[in-house]
There are 4 protein chains.
Amino acid sequence: MVAALSPAPPRRRSPRSHAAVLKAAARLVGRRGYANTAIEEIAAAAGVGKQTIYRWWPNKAALFIEVYGQLVPRDLVAEDTGSIAGDLDSLLRQLSRLYVDTPAGSILSGLIAEAQTDPALALQLSDAYVAPRRIIVRSILERAATRGEIRPQADPDFASDLFSGAVWFRLLLGKRHLDAKFRRRLIDALLSGVARRGGR
Amino acid sequence: MVAALSPAPPRRRSPRSHAAVLKAAARLVGRRGYANTAIEEIAAAAGVGKQTIYRWWPNKAALFIEVYGQLVPRDLVAEDTGSIAGDLDSLLRQLSRLYVDTPAGSILSGLIAEAQTDPALALQLSDAYVAPRRIIVRSILERAATRGEIRPQADPDFASDLFSGAVWFRLLLGKRHLDAKFRRRLIDALLSGVARRGGR
Amino acid sequence: MVAALSPAPPRRRSPRSHAAVLKAAARLVGRRGYANTAIEEIAAAAGVGKQTIYRWWPNKAALFIEVYGQLVPRDLVAEDTGSIAGDLDSLLRQLSRLYVDTPAGSILSGLIAEAQTDPALALQLSDAYVAPRRIIVRSILERAATRGEIRPQADPDFASDLFSGAVWFRLLLGKRHLDAKFRRRLIDALLSGVARRGGR
Amino acid sequence: MVAALSPAPPRRRSPRSHAAVLKAAARLVGRRGYANTAIEEIAAAAGVGKQTIYRWWPNKAALFIEVYGQLVPRDLVAEDTGSIAGDLDSLLRQLSRLYVDTPAGSILSGLIAEAQTDPALALQLSDAYVAPRRIIVRSILERAATRGEIRPQADPDFASDLFSGAVWFRLLLGKRHLDAKFRRRLIDALLSGVARRGGR
DNA sequence: TGGTAATCGAGACGGTACGTCCCGTCTTAAG
DNA sequence: CTTAAGACGGGACGTACCGTCTCGATTACCA
């Protein structure tokens, strides 16, 4: 029987070590920044052999993609507040909280940095970050179209990228908090542009 | 006058070495990326002592800010094409050329990366990149207002950042070429939003 | 009696694995030398778990003492050729064959090496190598005394060590083959010194 | 002119570091044995970067060959005591002192060990150890021949190796001190064999 | 004849040291 | 005083094995 021959040996990883590494990595990156966090130091802080890290993650970036994944709350989705402006504002508040309260911002900017010399990582980053964000934004836009607030979107992904670009630009220049003024302006611009002739 | 008293002995820097370093740095960063370009290697490639580099630039970032400055053409300004859409498109085309034809994109993303763990660099980056860009965008918007295309901008800097954020997002995810579709959508979004009710 | 009470459960060791380990060890040490032969590699080559090796041998040295023991022929004894010169020559020929045809030389030199930082191993090595050799040489000398070829030895062990020292010196400097000239000279020297006044 | 073009850049090594490394290596090898002395530890003990060691010595063996060379006194030569027995005894006493008072014995046995898997080192060892020893023994024998104590040697090198073999055998089995009994027997055996028919 | 305990292969684990790469500083000799 | 050259102390890299440990699966004795 095929199943009986199944040779796939499921490598068994220690949950204790696995968790300790992720925790230590998150703690250290918050304290010293992505670039200044050494694998060696993470291993020591986690009470783990270096090889244990290299066994399960091919490099620092892969490790931190997992750490990042753990920090983003599962329920980071499009809350339905009844209006598109409210939905977007809710999303921005959640992101602000994520970047201010957790090392997610440090990790994300570090990963973006590293992706500059690692095309494979750039792709992973798309999968892990850009794609999920587009899904959320798309659902917000679809809901708004259903409500009749906006016309159906021709290209919701571009809208999402514009949104993400604005947030990244802030984040990468060191401002983690997305304050009320920024949120208002961004939502406003997305809805009706920065340069329309008439007033609001 | 203060300047006249200035006792600063004009340190004699070798123009030959100075140029060789900048040239070697530009060549190497294009070939191997910012993070993988070692000072040591630049010195060797330029036929220059390491100390000579450290004498004139405090660190790698400072060196590459100067390299970046040399790559950006002096005449990268707001060309007056007669319409705001044309002006913005012209700017985007110039940026696309810059990132595709020169290592400016590699340098910029590398500097952004490094700024994540170096607040001083983040400030320098603002001065060297964000501020000039805001000036250009502001002049475009002012011209458009004069023409009556748009109402006077309440916050041209925010508009500039939104514009830059969109370009960075692309650049940092690995797409250096700003194609016609992207340019059209970005300009469109800036002018009238991604979610306006009526069609154009 | 103590032995009768001995509760030691005769541990069941797999003869298949035992043999595979010894065989793999012998093969690898011949190919890569003692110091470069890792336990890990032996286990893999033998298709055996590392633990199985550590279960039955406390360390690498113990394993190779057993391998060495298997390589030395049971009948490596003092052949009676009718003369002391013949007996010694026969012994030297057997040793030469052992070191040239089998990895015994690599193992012996490796064990000597390891014994330098392991006094317990040095003792084991005496038991496993020096003692048996002394017995053989002693029997050769006694036979020669009986024949009247030499006077009874005051210190046959010293003679044996001198003999072994000469062979080790060669072996350790990389010459495994004990050629005719070497054998003749060594026997000659043992019988009548290197510096006697008269000729042979 | 040829001399003017002479490009040979004589690399300059820091005498301070050089000496510190040799000293630390000698101290550590005496305390922990050759095999248990790590390059890393030597560097730390000498207050030196690891690279500095690797820059000047290709490997641990090369470093310890130099350390060994420093330990052997320059005046370790054939003292003329008036008789061959006296000369050899003097040499043995000097060797005993060397192996008992300094880590030379640990180093030598460690080097012999390492040479087992490094043919190049085996050659170096010949140059650094075997050859000088042969020169000394040869001069002792020549002097003895001149005195008429022995007949001119057909093969002084073999005599030297027999001598060295006996000393190594002892050294490698852990006995560093060459006591009076050993010395007497070895000299005796060299002069007239271990198995001569008549008494002395 | 079925239960159970030791042994098996596999390989993850915490560690130590390896030899290499660069960092940013210091030293030298030539101009 | 600057320069090219490159040695220096140092920190981290990613790899190789160490000897111990944990996991099912297999095996062979004993009830």
Side-chain angles (χ1 to χ4, degrees), chain A residues 7 9-18 20 35-44 46-56 58-60, chain B residues 9 11-14 16-18 20 35-44 46-60, chain C residues 9-14 16-18 20 35-44 46-60, chain D residues 7 9-18 20 36-44 46-56 58-60:
Chain A
R11 304 210 289 162
R12 291 158 296 109
R13 89 151 85 183
S14 148
R16 177 192 215 68
S17 298
H18 184 199
N36 296 328
T37 300
I39 296 264
E40 200 145 300
E41 205 181 5
I42 296 172
V48 140
K50 260 204 292 183
Q51 192 70 73
T52 296
I53 296 185
Y54 285 108
R55 188 160 17 238
W56 300 112
N59 49 54
K60 188 166 144 181
Chain B
R11 302 192 288 168
R12 297 172 288 125
R13 91 149 81 184
S14 149
R16 174 192 218 68
S17 297
H18 184 206
N36 297 328
T37 302
I39 296 267
E40 210 147 288
E41 207 181 4
I42 296 173
V48 142
K50 267 207 293 182
Q51 192 60 240
T52 299
I53 295 185
Y54 284 109
R55 198 179 344 260
W56 302 117
W57 295 276
N59 48 53
K60 187 167 146 181
Chain C
R11 302 192 291 167
R12 297 167 290 124
R13 92 149 83 182
S14 150
R16 174 193 219 68
S17 297
H18 184 204
N36 296 328
T37 302
I39 296 267
E40 210 146 289
E41 206 182 3
I42 297 172
V48 141
K50 265 206 294 181
Q51 190 62 239
T52 299
I53 295 185
Y54 284 107
R55 195 173 355 251
W56 302 115
W57 295 278
N59 48 54
K60 187 167 147 181
Chain D
R11 305 211 287 163
R12 292 158 293 108
R13 87 151 85 186
S14 149
R16 177 193 216 67
S17 298
H18 184 199
N36 297 327
T37 301
I39 297 264
E40 200 145 298
E41 206 181 5
I42 296 173
V48 141
K50 262 204 291 183
Q51 192 70 74
T52 296
I53 295 185
Y54 285 107
R55 185 156 24 233
W56 301 112
N59 49 54
K60 189 166 143 181

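Sequence lines set the chain letters: A, B, ... in the order given, protein chains first and strands last, and positions in each chain run from 1.
For D:A20 against D:A46, the heavy-atom pair with the smallest separation is O-CB, 3.5 Å.
Side chain of A:W56, nearest nucleotide from E:dC13, F:dC8, F:dC17: E:dC13. Side-chain atoms of C:S17 lie closest to E:dC8 of the nucleotides E:dC8, F:dA12, E:dA17.
In terms of the salt bridge (charged side-chain N to carboxylate O under 4.0 Å, His left out) criterion, C:K60 has no residue partners (sequence neighbours excluded). For the side chain to side chain donor-acceptor pair (under 3.5 Å) test, no residue two or more places apart in sequence or in another chain qualifies with D:R16. Evaluation of the side chain to side chain donor-acceptor pair (under 3.5 Å) rule for A:E40 yields A:K50 as partners, not counting sequence neighbours. Evaluation of the side chain to side chain contact (heavy atoms under 4.5 Å, CB included) rule for D:S17 yields D:S14, D:V48, D:T52 as partners, not counting sequence neighbours.
Distance CD1 (A:I53) to P (E:dG15): 12 Å, rounded to an integer number of Å. D:E40 places its CD atom 15 Å from the P atom of F:dG9, with the value rounded to the nearest Å. Distance, C:I39 CD1 to E:dA10 P: 17 Å, rounded to whole Å. Residue C:N36 contributes atom CG, which lies 15 Å from atom C1' of F:dC18 at whole-angstrom precision. Counting to the nearest Å, the C1' atom of E:dC8 and the CZ atom of C:R16 are 12 Å from each other. Computed from coordinates, the D:R55 CZ to F:dG6 C1' distance equals 8 Å when rounded to whole Å. Summarising the geometry, the separation between CD1 on A:I42 and C1' on F:dC13 is reported as 13 Å, rounded to the nearest angstrom. Atom C1' of nucleotide F:dC8 and atom NE2 of D:H18 are separated by 15 Å, given to the nearest angstrom.
Considering only side-chain N and O atoms, D:S14 lies nowhere under 4.0 angstrom from the phosphate OP1 or OP2 of E:dT27.
Rounding to the nearest 0.5 Å places CH2 of A:W56 at 11.5 Å from CD of A:Q51.
Between its two ends, the helix from E:dT1-F:dA31 to E:dG31-F:dC1 turns its axis by 20°, counting five pairs per end and rounding to 10 degrees.
Judged by closest nucleotide on DNA chain F, B:G49 is the one of A:E41 and B:G49 placed further toward the 5' end. Projected onto DNA chain F by closest heavy-atom contact, B:T52 and A:K60 fall at different nucleotides, the more 5' of which corresponds to B:T52.
Across all strands, D:R13 comes closer than 4.0 Å only to sugar-phosphate atoms, never to a base (heavy-atom distances).
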Short N/O separations, protein against nucleotides 20-23 of chain F, under 3.5 angstrom:
unit_1: F:dC21; atom_1: N4; unit_2: C:Q51; atom_2: NE2; d: 2.2
unit_1: F:dC23; atom_1: O4'; unit_2: A:R12; atom_2: NH1; d: 3.4

